[in-house]
Amino acid sequence: MTVLKTRFAPSPTGRMHLGNARTALFSALLARREDGHFVLRIEDTDAARSSVLHAEGVLEDLHWLGLSWDEGPFYQSRRQDFYAAHFAALQSQARLYPCFCTPEALAEQRRAQLAAGRPPRYDGRCAPLAPDETARRLAAGEAAALRFRVPVGQMIAFEDLIRGPQRFDSGDIGDFVVRRTDGTPAFFFSNAVDDADMGITHVLRGEDHLSNTPRQLLLLEALDLPAPRYGHLPLITGHDGAPLSKRNGSQSVAELRAAGFSPLALLNYLARLGHHLEAPGLLPPEALAAAFDLAAIGRAPARFDPVQLLHYQKLAVAALSVEDFLAFAGLDASRVPGAARGDFVRAVAPNVSFPAEARDWADRLFSGQPVIGGDPPAALREAGAAFFEMAARLFDVHGTDAKAWTAALREQSGRSGKALFIPLRLALTGLEHGPELRDLLALMPAPIVSGRLAAASRLAATDTLS
Ligand code: GLU
């Protein structure tokens with residue numbers, strides 16, 4: 001029985017973005033679901049556009065996402081001999097010919113075809129060159145690419161895993177370059193022969209590659225190599241419906257990581273981006289794999305929705321254990337007293353989506369630094385200095401019992417509800433909203449509470465005009 005094999009085959013020309021990450025995820029999930037293999041191949045044959053740094057970035061991003069591969073990473077730049085053998089095989093069947101057209105000549109050809117209202121494609125002008133002429137020009141050092149002779153009058157049909165039956169007329173495909181003038185293999189070629197060599201059975205990739213597929217099928221047929229099944233994923237668009245880009249909200253995986261996103265949140269979001277997943281909530285990777293279904297991938301473009309991503313981020317943060325939450329927030333023992341760790345996490349986690357927010361709460365509760373700077377908020381002035389003095393006195397009496405303290409303050413000040421709690425919250429945390437005040441009070445060291453109430457009474461008494 002052949003094992004199902006998928007692969008992720010990025011060109012390391014930049015940091016991984018959401019589109020790549022989704023392709024990698026879907027490919028990994030399909031392999032996991034079928035007990036298959038997930039292969040990583042770095043398509044770095046284009047030396048001018050690829051970089052080792054970006055290839056390392058891909059590996060780092062995949063590690064962070066927890067998308068581990070079973071085979072690879074294979075680097076195409078190290079497989080030149082393998083490609084050379086396949087070029088030779090095609091040449092021995094006269095399926096390739098050298099093309100001497102310069103980039104300028106090709107651009108001119110394209111312009112003329114477009115001006116005449118014809119689809120641009122290579123017009124085959126080097127195809128009929130006589131062998132002695134090509135030999136002479138090559139010997140004279142003229143640069144030549146190698147083109148594949150596309151057969152005429154052939155229908156190329158395949159069943160796309162996502163888009164269903166596809167048909168292409170070979171007459172619409174110009175002879176295409178398989179080896180560049182610098183001797184490196186072109187994408188169509190190395191991508192297809194590597195899939196065959198690595199035993200890839202299922203290729204999931206972006207819709208932008210759909211028109212490449214008939215070319216690759218022709219190549220594989222000429223080489224008598226097995227073709228994988230191809231599935232082309234619809235584009236991801238921004239909120240404005242335009243392809244996802246920096247301008248409409250796209251961020252790289254590295255940027256999302258730096259912003260404090262959890263990898264599990266991102267996986268959960270991406271697993272639902274253009275793929276219908278019945279089960280709600282945050283699922284572990286194994287459950288995402290079990291629920292993955294090619295038939296549940298839509299054909300319409302998928303719209304990136306940052307609100308949904310944030311939703312999964314909140315679920316992921318809420319699911320963290322005390323230790324994992326503190327590690328996620330980068331909070332060590334110096335910033336959260338040991339005895340308070342569990343209660344701190346339980347109190348603030350529901351109000352936190354990102355590490356910086358958790359650190360901010362730790363500072364507000366434990367650091368003793370002033371929480372109100374600049375002009376005192378209106379609610380503080382309105383409550384007045386006497387209110388905070390009263391609060392401080394009653395705190396000395398009831399300090400450890402927040403319920404008794406606020407009850408006594410309610411009774412003596414005549415304030416209740418928001419009029420009571422907003423000024424208190426402001427005085428103690430500097431914010432009008434947050435976790436239950438009672439939970440926060442239970443965490444805050446008494447000297448910090450007293451100090452904040454004293455500061456609030458001073459601030460409430462200051463004259464803003466002075
Ligand atoms: N290197 C290609 C890309 O990054 C791979 C396309 C494919 O998956 O076949 O677009």
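Every number for a ligand or one of its atoms is a count from 1 in the order of the listing. Position 1 is the first residue of the sequence; numbering continues from there.
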Checking [Y] against [X]: is there a side-chain donor and acceptor pair closer than 3.5 Å?
{"X": "Glu357", "Y": "Asn351", "value": "no"}
{"X": "Tyr269", "Y": "Asp305", "value": "no"}
{"X": "Gln369", "Y": "Asp363", "value": "no"}
{"X": "Ser11", "Y": "His54", "value": "no"}

Give me the nearest non-hydrogen protein atom to [atom] as residue plus atom name, then the distance to 0.1 Å.
{"atom": "atom 8 (O) of ligand 1", "value": "Arg7 NH1, 2.6 Å"}
{"atom": "atom 6 (C) of ligand 1", "value": "His209 NE2, 3.3 Å"}
{"atom": "atom 5 (C) of ligand 1", "value": "Ala9 O, 3.1 Å"}

### Message
Using a 4.0 Å heavy-atom cut-off, which part of Thr23 comes near ligand 1: side chain, backbone, both, or neither?
### Response
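Neither part.
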
Taking only heavy atoms of [X], which atoms of ligand 1 are found under 4.0 Å from at least one of them?
{"X": "Arg205", "answer": "7 (C), 8 (O), 9 (O)"}
{"X": "Glu43", "answer": "1 (N), 2 (C), 5 (C)"}
{"X": "Phe187", "answer": "2 (C), 5 (C), 6 (C)"}

### Arg41 bridged to Glu71 by N-O distance under 4.0 Å
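Between Glu71 and Arg41 there is no salt bridge, as every charged N stays at least 4.0 Å from the carboxylate O atoms.
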
### Message
Using the side-chain hydrogen bond (donor to acceptor under 3.5 Å, both in side chains) definition, which of the options Ser51, Ser50, Ser77 pairs with Asp44?
### Response
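Filter result, single survivor: Ser77.
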
